[in-house]
Amino acid sequence: MDIELMLKKAVLNAVGKLYEQTPDEKLIQIQKTRKDFDGDFTLVVFSLLRISKKPPEQTASELGEYLKDNVEQISEFNVIKGFLNLSINKSFWILYLNTVVQDDNYGFIKNKENPKTILIEYSSPNTNKPLHLGHIRNNLLGYSVAKILETQGDKVYKVNLVNDRGIHICKSMLAYQKWGKGEKPSKEKKGDKLVGDYYVKFDQEYKKEINDLVAKGQSEENAKKNALLILEAQEMLRKWESKDSEVISLWKEMNQWVLEGFDVTYKNLGVDFDKVYFESDTYKLGKELVLEGLEKGVFVKKEDGSIWVDLTKEGLDQKILLRSDGTSVYMTQDLGTAHQRFTDYNADEAIYVVGNEQNYHFQVLKIILGKLGFSWSEYLHHLSYGMVELPEGKMKSREGTVVDADDLLDEMTSTAEEMSRELGKLEGYSDSEKKQIIETIGLGALKYFILKVDPKKTMTFDPKESIDFNGNTGPFIQYTYARIQSIIRKANDRGIELPIEINSKIKISNKELQLIKLIYSYPEVLKEAANDYSPAQIANYIYDLAKEFNQFYHDHPILGEDDKSISEFRLYLSKQLGEIIKSGMELLGINVPDRM
RNA sequence: GGCCCCAUAGUUCAAGGGAUAGAAUAGCAGUUUCCUAAACUGUAGAUCCAGGUUCGAGUCCUGGUGGGGCUACCA
């Protein structure tokens, strides 16, 4: 029952009858009527003037008359300038609500005929330092987009590619070897934090050495290359590649610490993966693809033996694919893993959740795969999200200006606790219940704060001003849900049983109508969010829904309403709004509490 | 230097080429004998600049200004 499609056809028909010319379907623009005007759907007639050959107002009026007379669901119309506002029978909307109530997963596509297999890679951390706010955005986005895509009936696999090898890993290993004195992870300092500290330590010592060398007369450039520390780190990488047992065992131990640390963060964040790949297993993949490409003449070999792709025709640069010593670079391994993934899962589409600083990399990756003749390169999508910035600019690990993921999570929980206590909300709850509610609220505030922003956009986070709990926030929505559940509990206590169907003849207010129309939009919102890979669209929709509900709640008694049919209708409406809030929040990875 | 992205109330975010640019927060002024006041109501406040395309531009095009990113035989 798609009313918009029906209206479109009716308009097409009406234009044909009135002006004896059938317009291109694209000229029919039907949109939802804006709040401040009367009506449910609006036809913009400007594009039809060429056919009607009459002024906008007249065209709109003529069409309005015709539609009102010929379309059963249209009860009224009004014309403002070139906008024809159509009102749909209220009973239609009530009947619509009836069908929604009976649908368990309202808005989701079920039993899709040819479901796609979609891979989504997110998180992809380096094992040399703990996760920070930027990673949080990545993780929340990846997890949420996966859920959103599933609503469209497709099969989605979440994968993580752990970046566990390379010079940056050797830096923290070397620093640990030199200054670690056998320190082990503890309750006070979990593994990723410990390893991260040595990564910072390396950088400090390295900088000192560079300064010393510069003081002795070397150029800064040379000093960077000649510093003993970096030479030692490079030597360590060579040992790692040649599987030196001592280096490998230290590497394994330290990586394990970090991964265990990450697991705690992931668990607290509530994200997970269907499969975890390690770059140490996959970094050699892709070499063959490059050699194949060389044979086909897609790539070129330079005198020193390094292999390149020339993208100057595409308006880009030359890009190295294999070093002169035959080892792989980032691009090489990404070519390999892309290929492996598409074959492993027989995937139709692959999404990479990676920051926009890598736009160039993914642009190149896609072009190269295309040049190699893989038709699926077209279905490789870089979900490029904006950086999270502090008021003073970008976060920098080495300058200690990062917002640590674990610290932030803890802070959110304690703020939630403080606020709950101040508001006197926690009285009468058991300790475990309190803990659960507080965590749900704190985490909800953080997740919503991040996901409500369009993924593509750079966002600002001010650590000094803690994340809000009032207004357009996660807790506001959670509170609305808890309110609804409270009403439902009370209804149950009073033994109120809902009829199977809502009486479609009752009178409903504008606010109630507005709420039903919002419910009607949900499937469309999900579709758009999936198309755009944008949890923000769901977040903003749910906020709107919650806000409208609170207004409705304020001046419409639900259980206190004397007219039984109306009371039942409002209860139905509230219940359904609760369901959608829950459903939408779940898609954002946010839990909703029954009370708070 | 070259390439890419961004610019909306004091601040953080919205706005499928459509009507009077929405919220939140901070500010000011209000609402609890009534289903949870983490709520609701009122008030004030914004499209970086200059051109262009269009019936219609925050949105599209050109130029400028300001900010960010990429341009590694790092990942």
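The sequence lines fix the lettering, A, B, ..., with proteins before strands; numbering per chain opens at 1.
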Subject >> Nearest-Å distance once atom P is located in both B:C6 and B:U59 >> reply: 13 Å

Original post:
Any Lys/Arg nitrogen of A:Glu241 or A:Lys284 sitting under 4.0 Å from an Asp/Glu carboxylate oxygen of the other?
Top reply: no

**OP:** Sticking with atom P, work out how far B:G56 lies from B:A23, rounded to a whole angstrom.
**Re:** 28 Å

**OP:** Based on the glycosidic angle (syn within 90° of 0, else anti), state the conformation of B:U59.
**Re:** anti

**OP:** Could you state the atom-to-atom distance from OH of A:Tyr448 to P of B:U25 in whole Å?
**Re:** 12 Å

**OP:** Between B:A37 and B:U32, how far apart are the C1' atoms? Round to whole Å, please.
**Re:** 7 Å

**OP:** Taking only Lys NZ, Arg NE, NH1 and NH2, and the carboxylate oxygens of Asp or Glu, determine whether A:Glu524 and A:Lys32 approach each other closer than 4.0 Å.
**Re:** yes

Sequence neighbours left out, cut at 3.5 Å: what donor-acceptor pairs do the side chains of residues 559-572 of chain A make with other protein atoms?
from	atom 1	to	atom 2	distance (Å)
A:Glu561	OE1	A:Arg570	NH1	3.2
A:Glu561	OE2	A:Asp563	N	3.1
A:Asp563	OD1	A:Ser565	N	3.0
A:Asp563	OD1	A:Ile566	N	3.4
A:Lys564	NZ	A:Glu568	OE2	3.4
A:Ser567	OG	A:Ile558	O	2.9
A:Arg570	NE	A:Glu512	OE2	2.7
A:Arg570	NH1	A:Pro557	O	2.8
A:Tyr572	OH	A:Pro499	O	2.3
A:Tyr572	OH	A:Ile500	O	3.3

Original post:
Rounded to the nearest Å, what distance is computed from the CG atom of residue A:Asp555 to the C1' atom of nucleotide B:C35?
Top reply: 13 Å

Subject >> Whole-angstrom distance between B:G64 and B:G1, as gauged at atom P >> reply: 12 Å

**OP:** Identify whether any heavy atom of A:Ile441 sits under 4.0 Å from a base atom; if not, whether one sits that close to sugar-phosphate; answer base, sugar-phosphate or nothing.
**Re:** base

Short heteroatom pairs, N/O only, protein and nucleotides 70-73 of chain B, under 3.5 Å:
from	atom 1	to	atom 2	distance (Å)
B:U71	O2'	A:Asp317	OD2	2.9
B:C73	O3'	A:Arg323	NE	3.1
B:C73	O2	A:Ser324	N	3.4
B:C73	O2	A:Ser324	OG	3.4
B:C73	N3	A:Ser324	OG	3.0
B:C73	N4	A:Asp304	OD2	2.0

**OP:** Examine B:U41: is either OP1 or OP2 under 4.0 Å from a nitrogen or oxygen in the side chain of A:Gln551? Give yes or no.
**Re:** yes

**OP:** Please work out if A:Thr473 contacts a base, only the sugar-phosphate, or nothing of the nucleic acid, heavy-atom cut-off 4.0 Å.
**Re:** nothing

**OP:** Please state the P separation for the pair B:G63 and B:C28 - nearest whole angstrom.
**Re:** 47 Å

Original post:
Can you tell me which stems RNA chain B forms when a stem means 3 or more consecutive Watson-Crick or G-U pairs under 3.5 Å?
Top reply: B:1-7 with B:65-71, B:10-13 with B:22-25, B:27-31 with B:39-43, B:48-52 with B:60-64

Original post:
Within the structure shown, what part of the strands sits under 4.0 Å from A:Leu559 by heavy-atom distance: base, sugar-phosphate, or nothing?
Top reply: base

Subject >> P gap between B:G10 and B:C49, integer Å >> reply: 13 Å

Original post:
Taking CD from A:Glu422 and P from B:A37, how many angstroms apart are they, rounded to a whole number?
Top reply: 18 Å

Subject >> Contacts of A:His382 that satisfy ring-ring contact (aromatic ring centres under 6.0 Å, His included) - sequence neighbours left out >> reply: A:Phe362

Subject >> Separation of the P atoms in B:C60 and B:C4, to the nearest angstrom >> reply: 15 Å

Original post:
Which is true for A:Lys35 with a 4.0 Å heavy-atom rule: it touches a base, it touches only sugar-phosphate, or it touches nothing?
Top reply: nothing

**OP:** Could you measure between the two P atoms, the one in B:U33 and the one in B:G45, and give it in whole Å?
**Re:** 33 Å

Original post:
Given B:C35, B:A75, B:U25, which nucleotide is nearest the side-chain atoms of A:Asn470?
Top reply: B:U25

Subject >> Non-neighbouring partners of A:Tyr385 that pass ring-ring contact (aromatic ring centres under 6.0 Å, His included), sequence neighbours left out >> reply: none

Original post:
For A:His361, which residues count as a side-chain hydrogen bond (donor to acceptor under 3.5 Å, both in side chains) partner, sequence neighbours excluded?
Top reply: A:Asp334

**OP:** Between A:Gln363 and A:Asp594, just flag the one whose closest nucleotide in RNA chain B comes earlier from the 5' side.
**Re:** A:Gln363

Original post:
How does protein reach along nucleotides 9-20 of chain B, written 5' to 3' as B (base within reach of a heavy atom under 4.0 Å), S (only sugar-phosphate), or - (no contact)?
Top reply: ---SSS-B-BBS

Original post:
In chain order, what residues pass the side-chain hydrogen bond (donor to acceptor under 3.5 Å, both in side chains) check against A:Thr127, with sequence neighbours excluded?
Top reply: A:Asn255

Original post:
In whole angstrom, what separates A:Tyr199's OH from B:A75's P?
Top reply: 12 Å

Subject >> side-chain hydrogen bond (donor to acceptor under 3.5 Å, both in side chains) against A:Tyr533, all qualifying residues, sequence neighbours excluded >> reply: A:Glu349

Original post:
With a non-hydrogen cut-off below 4.0 angstrom, is A:Arg595 in contact with a base, only sugar-phosphate, or nothing?
Top reply: base

Subject >> Between P of B:C4 and CG of A:Leu365, the distance in whole Å >> reply: 20 Å

Original post:
Using 30° and 60° as the class limits, which term best fits the ring planes of A:Trp240 and A:Trp251: parallel, tilted or perpendicular?
Top reply: perpendicular

**OP:** Could you check how far CZ of A:Phe278 sits from P of B:A75, rounded to whole Å?
**Re:** 19 Å

Original post:
When you check the phosphate oxygens OP1 and OP2 of B:A39, does a side-chain N or O of A:Arg483 lie under 4.0 Å from one of them?
Top reply: no

Original post:
Using 4.0 Å as the upper bound for N to carboxylate O, is an ion pair formed by A:Arg489 and A:Asp493?
Top reply: no

Original post:
Rounding to a whole Å, what distance do you find between A:Leu321:CG and B:C74:P?
Top reply: 13 Å

**OP:** Check whether any side-chain nitrogen or oxygen of A:Arg489 sits under 4.0 Å from OP1 or OP2 of B:C35, and answer yes or no.
**Re:** no

Listing, residues 461-476 of chain A side-chain donor-acceptor contacts under 3.5 Å, not counting sequence neighbours, or none:
from	atom 1	to	atom 2	distance (Å)
A:Asp462	OD1	A:Lys464	N	3.0
A:Asn472	OD1	A:Tyr448	OH	2.6
A:Thr473	OG1	A:Phe469	O	3.3
A:Thr473	OG1	A:Phe476	N	3.2

Original post:
Is there any ring-ring contact (aromatic ring centres under 6.0 Å, His included) pair reaching into residues 30-60 of chain A, and which pairs are they, with sequence neighbours excluded?
Top reply: A:Phe46-A:Phe83

Subject >> Contacts of A:Phe77 that satisfy ring-ring contact (aromatic ring centres under 6.0 Å, His included) - sequence neighbours left out >> reply: none

Original post:
What integer distance in Å separates A:Lys511:NZ from B:C40:P?
Top reply: 10 Å

Subject >> Carboxylate-amine/guanidinium proximity below 4.0 Å for A:Glu279 and A:Arg165 >> reply: yes

Original post:
With respect to the phosphate group of B:A23, does any side-chain polar atom (N or O) of A:Lys547 fall under 4.0 Å of OP1 or OP2?
Top reply: no

